[in-house]
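Heads up: the structure comes next, in structure tokens.
Numbering of ligands and ligand atoms starts at 1, following listing order. All values below were derived from every heavy atom in this structure, side-chain atoms included, with hydrogens, water molecules and symmetry-related copies excluded.
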Amino acid sequence: MTVTASLLFVNGLVLSMDASRHVWQSGFVAIEGDRIVAVGPMQSCEVVANRTLDLHGDLVMPGLVNCHGHFEEAIHRGFFDEASLAEWMNVGFWPCVRVMTQAMAYASARLAIAELLLSGVTSTAASECSVPNADAIDGALRAATESGIRAVVSRTVVDSPVSLPASQSVPIDLREGVASACEEVLRLRRRWNSGRVQVVPEPLNMLRCTPEMIQSLSALAVSEACDMHMHVASSRSEVEGSLSRYGRRPIEQLSHLKALGPHLLIAHCVWPSPAEIALLRDTGTRVSHNPVANLQYAEGIAPLSEMLEAGVVVGLGTDGSSTNNSQNLWETMKFSMFLQKHRLERAEYGSAEHALELATLGGAAAIGLGREVGSLEVGKKADIIVVDSKRTNLVPTETIVSNMVYAGNPAGVTTVLVGGDILVEGGRLVRWNLDDVVAEAQAAAAEVVERTNLAPVLRGKSRWLWDRQA
Ligand SMILES: [Zn+2]
């Protein structure tokens, strides 16, 4: 039966990521509006299309899903390298949050989103602070909306009045009341929720937030039928703090608060006990595995293999640019497998295919969009990327999946579609001028440095003799 389509890709190497993991050496993908209407081998292609693009053997696959990031950190990239978690939070992160304006958040989000789209990420999660500048997050949401990327943006809050170890600190002026936190999430959802963008609540973690805040935002997420995000079991100090304050480990404490469930996505999860992994599985709680960020602040290697073996839903995340420092999910895929080989002392562990499944199907399920994105199947959203199969790092093509993941380079992404809209074509952004994005982000970063007096800190980190005359 002939199908009509607005856009048709032909002669592509199609990685469908469907239930059987079909790969068609010479295949097609047809799109009508925002959805995929046909996909398969060329010999079965019966499509009448308004526009046809011949891929000449280039690879076509579902867009990548980044399960954890922070748009607001794009303009802090490199500021806090070689810092402990405590130093990063107190010298770096909180002072930068304090000076973030809506315009700076907009510029930072544009930089992060440009980097994500150009590397083939079509859906992303992003955690954004909103205290003391309540409307800063509106800048991030405006950028996400304009960009066309699919985004789940969580509004991050802290309210713990208890004194905590330095790595878990909560500055007094950045605390927010429960009523305000709930009202602001609802305000942002009314203003910004769309077919592509949605706002969800995020109590930052279980130490920095009171049980009342966690339970209230969890109830709000359930009543709004949306997700809640948190950073959980990210560090040893969080586990120790939880044990000494509540007599329970972090995930056990969330279970005690009845906050676990299929509405919850937890980022990091580096230090879950076997019993806590079982709790995640039994409650349908999802995990964003962020191996590069966990390494950056030396907080360990998460038990990815045990979580997957137990049946926990896991996707991959880059985390923000101040703890990764790239937004390169290809690199995260490679680390996700190589670190488990190292940790388990089993070179035969994992596969590039498994890493790619985590970055597509796994990520889609982890951010609650498993029915809509993550594979090239009829009825799913047309979130699609094309990768230039003639890049040096992808040869030989007999091992192209291994080469993409283990020798990957985001520069090979030539075309990116979200919901059928072409957002990257010929390796260039369609909606934004990249020169403007970079210049505005640079100006915003310079403003952060000036307003936080970070210049001496940044200069003090270099042992080299810099001549800063223009
Ligand atoms: Zn994070």
- Query: How wide is the angle at the Zn ion (ligand 1) between NE2 of H231 and NE2 of H70, to the nearest 10°?
  - Reply: 100°
- Kindly determine whether S255 and T283 satisfy side chain to side chain contact (heavy atoms under 4.5 Å, CB included), including the steps that lead there. CA-CA 9 Å; S255 174; T283 56; 5.8 Å; no
- Message: Under a 3.5 Å cutoff, is there a donor and acceptor pairing between the side chains of D319 and H68?
- Response: yes
- Task: Could you check which N/O/S atom of D319 is closest to the Zn ion (ligand 1)?
- Result: OD1
- Task: Decide, counting backbone as well as side-chain atoms, whether H268 has an N, O or S atom less than 2.8 Å from the Zn ion (ligand 1).
- Result: no
- Message: Check whether W432 forms a cation-pi arrangement with R110 (NZ or CZ under 6.0 Å from the six-membered ring centre, at most 45° off the ring normal).
- Response: yes
- The salt bridge (charged side-chain N to carboxylate O under 4.0 Å, His left out) partner of R155 among E128, E183, E176 is E176
